[in-house]
Undergrad: 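This is the structure, below, for whatever I ask next.
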Amino acid sequence: QVQLMESGGGSVQAGGSLRLSCVASGYTYSNYRLGWFRQTPGKGREGVAAIDSAGSTSYADSVKGRFTISQDNAKKPLYLQMNSLKPEDTAMYYCAAESNILTLGTPTLSHSGYSDWGQGTQVTVSS
């Protein structure tokens, strides 16, 4: 059973930084993808960044150059380093995983590409 636990959210002023962590267990340690998504009330879940077991990454245009997704190896936590935060980054952030994927490279930012989800961690950026 896949379990995902996010941490690291909080409140920060615009221009500040936060690092989110996701401890994941129970997923297949090869041919997988992990992603960070965010959601605000009344809106759908938006893909922010993703990484696969080959180390390929994808980023939403809105966060390119500001956010970095990383994972040292399959058994280590997943991170999202968020710099130059803006009020529009305020959201609940979720970690997601998909195991046994058939294709590596350019991991999808679509929520339909992920089966397992964490409970989320809140990020609030004030102006």
Side-chain angles (χ1 to χ4, degrees):
Q1 182 179 0
V2 178
Q3 293 185 323
L4 302 166
M5 180 67 71
E6 306 94 336
S7 62
S11 296
V12 64
Q13 288 192 327
S17 298
L18 283 173
R19 188 175 79 158
L20 305 184
S21 301
C22 174
V23 176
S25 61
Y27 67 96
T28 303
Y29 292 135
S30 61
N31 292 10
Y32 64 86
R33 55 177 169 254
L34 300 172
W36 287 101
F37 291 76
R38 64 188 181 188
Q39 189 169 20
T40 54
K43 292 189 177 181
R45 200 160 288 190
E46 174 193 17
V48 174
I51 189 168
D52 66 20
S53 48
S56 298
T57 58
S58 300
Y59 292 94
D61 288 344
S62 59
V63 306
K64 280 181 182 176
R66 300 189 297 123
F67 290 11
T68 303
I69 190 171
S70 64
Q71 185 191 36
D72 286 343
N73 63 59
K75 297 184 180 181
K76 294 292 188 180
L78 175 71
Y79 297 106
L80 184 68
Q81 178 66 44
M82 305 187 295
N83 298 329
S84 302
L85 282 161
K86 304 175 182 180
E88 51 263 45
D89 294 319
T90 295
M92 184 71 78
Y93 282 72
Y94 298 89
C95 173
E98 180 71 14
S99 301
N100 299 315
I101 62 174
L102 299 178
T103 304
L104 297 176
T106 315
T108 183
L109 293 175
S110 171
H111 65 85
S112 63
Y114 298 81
S115 300
D116 301 292
W117 295 83
Q119 295 299 307
T121 185
Q122 178 68 37
V123 171
T124 302
V125 184
S126 59
S127 57

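Counting from 1, the numbers follow the sequence of the chain as shown.
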Undergrad: Distance alone, cut at 3.5 Å: any donor-acceptor contact between the side chains of Q39 and R45?
TA: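 Result is yes, a qualifying pair exists.
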Undergrad: In this structure, would I51 and L104 fall into the same cluster of hydrophobic residues linked by side-chain contacts under 4.5 Å?
TA: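 Unlinked, I51 and L104 end up in two clusters.
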Undergrad: Taking atom CD of Q3 and atom SG of C95, what is their separation to the nearest 0.5 Å?
TA: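 If we round to the nearest 0.5 Å, Q3:CD and C95:SG are 12.5 Å apart.
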Undergrad: side-chain contact (heavy atoms from CB on, under 4.5 Å) for Y93 and V48? Distances and angles first, verdict last.
TA: CA-CA 9 Å; Y93 282 72; V48 174; 4.3 Å; yes
Undergrad: Quick check on the hydrophobic clustering: are V12 and V63 connected, directly or via other members, by side-chain heavy-atom contacts under 4.5 Å?
TA: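 Yes, because V12 and V63 connect within a single hydrophobic cluster, where side-chain heavy atoms sit under 4.5 Å apart.
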Undergrad: For G113 versus T108, what's the shortest heavy-atom pair and its separation?
TA: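 The answer is CA-CG2, 4.1 Å.
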Undergrad: Give a yes or no answer on whether the side chain of Q71 reaches the backbone of K76 with a donor-acceptor pair at less than 3.5 Å.
TA: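 Yes: the side chain of Q71 pairs with the backbone of K76.
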Undergrad: Using the rule that two of Ile, Leu, Val, Met, Phe, Trp, Tyr join whenever any of their side-chain heavy atoms come within less than 4.5 Å, decide whether L85 and F37 are in one cluster.
TA: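 L85 and F37: separate clusters.
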Undergrad: Check whether any side-chain heavy atom of P107 sits under 4.5 Å from a side-chain heavy atom of S56, and report yes or no.
TA: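 P107 reaches S56 side chain to side chain.
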Undergrad: After noting the C-alpha distance and the side-chain angles of T90 and Q122, does the key distance pass the side-chain contact (heavy atoms from CB on, under 4.5 Å) rule?
TA: CA-CA 8 Å; T90 295; Q122 178 68 37; 4.0 Å; yes
Undergrad: Could you tell me the separation between the CG atom of L109 and the OG atom of S58, rounded to the nearest 0.5 Å?
TA: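 Here the interatomic distance stands at 5.0 Å.
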Undergrad: Between F67 and W36, does the ring centroid distance fall short of 6.0 Å?
TA: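 No, the ring centres sit 6.0 Å or more apart.
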Undergrad: So that I can tick it off, tell me whether D61 and K64 are bridged by a salt bridge, with the cut-off set at under 4.0 angstrom between side-chain N and carboxylate O.
TA: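 Yes, charged N to carboxylate O under 4.0 Å.
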Undergrad: Would you say that C22 contacts M5 through its side chain, given a criterion of any heavy-atom pair below 4.5 Å between the two side chains?
TA: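 C22 vs M5: side chains apart.
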Undergrad: Say you draw a straight line from OG1 of T57 to CG of D52; how long is it, rounded to the nearest 0.5 Å?
TA: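 Interatomic distance, T57 OG1 to D52 CG, rounded to 0.5 Å: 8.5 Å.
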Undergrad: Please give me the minimum heavy-atom distance between S126 and P87, naming the atom from each residue.
TA: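 What the structure gives for the nearest pair is C-CG, 4.5 Å.
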Undergrad: Please assess D89 against R66 for the test side-chain contact (heavy atoms from CB on, under 4.5 Å), listing each intermediate value before the final yes or no.
TA: CA-CA 11 Å; D89 294 319; R66 300 189 297 123; 2.7 Å; yes
Undergrad: Would H111 and E46 count as a side-chain contact (heavy atoms from CB on, under 4.5 Å) if you check the C-alpha gap in whole Å, the side-chain angles of each, and the deciding distance to 0.1 Å?
TA: CA-CA 7 Å; H111 65 85; E46 174 193 17; over 6 Å; no
Undergrad: For residues S30 and S53, report the shortest heavy-atom separation together with the two atoms involved.
TA: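 That closest heavy-atom pairing would be C-OG, 4.1 Å.
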Undergrad: Side chains of S70 and T68: is there a donor and an acceptor less than 3.5 Å apart?
TA: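 Side-chain D/A pair, S70 to T68: absent.
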Undergrad: Check whether any side-chain heavy atom of Y32 sits under 4.5 Å from a side-chain heavy atom of N100, and report yes or no.
TA: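 Not touching, per the 4.5 Å side-chain cut-off.
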Undergrad: Shortest non-hydrogen contact from T121 to E6?
TA: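 So the two residues come closest at CG2-CB, 3.9 Å.
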Undergrad: Decide whether M82 and Y94 are clustered together by the hydrophobic rule: side chain heavy atoms of Ile, Leu, Val, Met, Phe, Trp, Tyr closer than 4.5 Å, transitively.
TA: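 Unlinked, M82 and Y94 end up in two clusters.
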Undergrad: Linking I/L/V/M/F/W/Y whenever their side-chain heavy atoms sit closer than 4.5 Å, directly or via other members, would L80 and W117 fall into one cluster?
TA: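 The answer is no; the residues belong to distinct hydrophobic clusters.
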Undergrad: Can you see which heavy atom on G9 is nearest to which on L20, and at what distance?
TA: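 The answer is N-CD2, 3.6 Å.
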Undergrad: Under 6.0 Å from the ring centre and within 45 degrees of the ring axis: does the NZ or CZ of R33 meet both conditions for the six-membered ring of Y114?
TA: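 Here R33 passes the 6.0 Å and 45° test against Y114.
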Undergrad: Side chains of S115 and E98: any donor to acceptor distance under 3.5 Å?
TA: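 Side-chain D/A pair, E98 to S115: present.
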Undergrad: Measure across A24 and L4 and return the closest heavy-atom pair with its distance rounded to 0.1 Å.
TA: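 Here A24 and L4 meet closest at CB-CD2, 3.2 Å.
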